[in-house]
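See below for the structure under consideration.
In what follows, every chain begins at residue 1, and chains take the letters A, B, ... in the order their sequences are listed. Model, not experiment: these values are computed from the prediction.
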There are 2 protein chains.
Amino acid sequence: MGAGLAGALLACLLGKAGHEVAVYERRPDPREKGFLGGRSINLALSARGIHALSLAGLAERVLNEAISMRGRMIHSVAGRLSFQPYSTNPRDAINSVSRGGLNEALLKKASGYAGVRYYFEHRCVGVDLERPAVTLSAAENRTVDADVVIGCDGAFSAVRGEMQRLDRFDCAHTYLEHGYKELTIPPAADGGFAMEPHALHIWPRGGFMMIALPNRDRSFTCTLFWPFAGPRSFEAVRSADDILRFFGVHFPDALALMPALAEEYLRNPIASLVTVRCAPWFHRDRVVLVGDAAHAIVPFYGQGMNAAFEDCVVLAESLDLFPHDRQVALQRYYGLRKTDADAIGDLAIANFLEMRDRVASPLFRLRKKSERVLHRLLPRWYTPLYNMVSFSRIPYAQARRRATQQRRIVVAILTVLLLLAVIGVVWLFLVLIAKST
Amino acid sequence: MGAGLAGALLACLLGKAGHEVAVYERRPDPREKGFLGGRSINLALSARGIHALSLAGLAERVLNEAISMRGRMIHSVAGRLSFQPYSTNPRDAINSVSRGGLNEALLKKASGYAGVRYYFEHRCVGVDLERPAVTLSAAENRTVDADVVIGCDGAFSAVRGEMQRLDRFDCAHTYLEHGYKELTIPPAADGGFAMEPHALHIWPRGGFMMIALPNRDRSFTCTLFWPFAGPRSFEAVRSADDILRFFGVHFPDALALMPALAEEYLRNPIASLVTVRCAPWFHRDRVVLVGDAAHAIVPFYGQGMNAAFEDCVVLAESLDLFPHDRQVALQRYYGLRKTDADAIGDLAIANFLEMRDRVASPLFRLRKKSERVLHRLLPRWYTPLYNMVSFSRIPYAQARRRATQQRRIVVAILTVLLLLAVIGVVWLFLVLIAKST
């Protein structure tokens, strides 16, 4: 269920393994009618996603069309820029890809496998978890039986909705106080990028922020993260005059690059930011959830798609390992992914606070710089958390644990050094006193 | 929506205030057909519930029919009994009441108000949150408009189900690993109670437990709390032989009092234990949730009904305070109740661990005893948490905060006493040395 990024990649992997896959999607075929909907225009592809795409034979092609972002470009209110590279290794970059382009590439790839068929403009209106079967609304309703129903149908999954009726199915939807709105920085007058393309741009303002990712057409898609209500909020800033005044005060350098700001602000919708957690992700040997349907996360670590792609790899691998016991396969998949999905869900929320409030502070910059130095000096021993998450495939939960250990060791070493320094100073003092008397 | 305990009490309070109230309930009228369903046979009524019933003019009557429980009676595996009184004040007791009897009394009381009408065997099949209106399935479906729809329809509320479709409605369902099954200890051969009636009986076994509350017919209703799966679980113990053997090992004194154990075990359902949290509990000035529909909690503090009754009191009071601005009334209600509902939800889970695992330990008993002594010596200054929750109307969250402060102060005083003792010993030692030299 669902031919978005997760559904399309999973169709590739299952098609390649020789499974019969019927993919139902409520939106029209983007290969014919252009890409419609989805939550954001571009996305950050990193190591986990690249690995999954390489298994589908698409990594090289997708990376060729992507724009690498090698660090954060911080914009101060005064328009001062400071670049914080993600890594000492210049190959460690996250990659801005177009959601629509990537989705189409995946759909085309999967359609090359004999077992894969698509049914677009088919909306899921019911799931029978026991049979299992799905009822689809197209020209008329019809019910289709399946060996296993795989819900790749996003944060508001209809498949999960049906599972929520089961006894002892844990489920939590949690919204941030903030929502977001997408805006555009078009190409410069000379046709080039209006800002540095190889960076993720951030305007951190404490309590709210804007970010921008480059597109292949040399525009940037900006995302304004803002509280829904309160003194500085979507609720408070409603008219064209309001928004121009607001940008003039808080994002003046961006305002100069956004000729259609007021028009876009009034036209584009405000989207909410939900974290979904549920347990378990499967029902017997019959139904299973993947990607946002199982664990929607907020976008601040750039890991939503990457985590979903990792799900697809582990699920395909598990089905392959246990061809004769699907329930064991689904249990293995869930067992391997649940803790990691919870971890990246937490990290994504924590990164929102970091990007919004701390990224601009000198102390934060000093810490990031020390992390880079440590990583360069002791690459085997010390890897910053962001790098483990974005540039490695260390499971998320393990990366978080390792980061905590690293921090503790650094604090311990600094404490010992401080103590030695104090002892040294005292010793020197005593020696001087002894000499003077 | 709903004529359970919360719905019936709220109908009393709103009827008394002169409102027009239509109460829809999917079950048949218990006044005609006897009480059907509900989660448990008897419940513990304490101070908050008694206060609410007194506002409805029912407290005296209900307490006359209740059996007071003045403490916990702990049953060891060997059958040894130890009684832990709840309070130094003998009037501080919780009261075992029959769910069915209390519900009928409330329904009868509310039906005395001109504005209150009942519609039994009307199932809610849809809620229009904006109009607002509810669609009810009885002989045929019909839709009824309302000024405000009040969801008193329990942990699996249809009204909340509709609110879950709203953007930015937070909601979490969390299940314990444990479920429960109700069993019976019938009256003794002489027609009297088979155990001490004025106590809540607990068989704590670490990882699982059984409790029993007295009924007016001199039976006890036992509740066995047990993991769903694992070595000692509902899953593992399935046959009549299994359960008799299990009780013989773990609850031998209870087994001797339960002639129909195997039959009841095989017949009675296993129920799950859910905590529901959501936010907000209201939609504009049109829809509001009360009791389990807003905040289902696990039963281990005996506060589910009491908390729901407090909701009813605050909601009726809020509607009375702001007769011309219902949204402000609903905001006041939610603002006053949300934090307290979250607090008692947490406390109820914590009390499960306490009852199951710690209640039998000597250290725990010493702590409880010290608490009682402190409370007797300094009644104004020190009140155990259980007593604040059960025998006062101090808001739950405030009670929890106060308990934390009390604990800190006690620890601080003990530390100072210990230090003084150490200093005293050292001083004595030095004096002795001085004398001996």
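- Around the CZ atom of A/R400, the shell of radius 6.0 Å holds more than 12 heavy atoms that belong to other residues, nucleotides or ligands.
- Across B/L166 and A/Y175, no two heavy atoms sit closer than the pair O-OH, 4.3 Å.
- Heavy atoms of other residues, nucleotides or ligands lying less than 6.0 angstrom from CZ of B/R123 number 12 at most.
- With a threshold of 4.5 angstrom between heavy atoms, B/F156 does not approach chain A through any atom at all.
- For the atom pair A/T174 OG1 and B/R168 CZ, the distance stands at 13.0 Å (nearest 0.5 Å).
- The environment of B/R26 atom CZ is sparse: at most 12 non-hydrogen atoms of other residues, nucleotides or ligands sit within 6.0 angstrom.
- Remark: A/Q327 CD is packed, more than 12 non-hydrogen atoms of other residues, nucleotides or ligands lying under 6.0 Å away.
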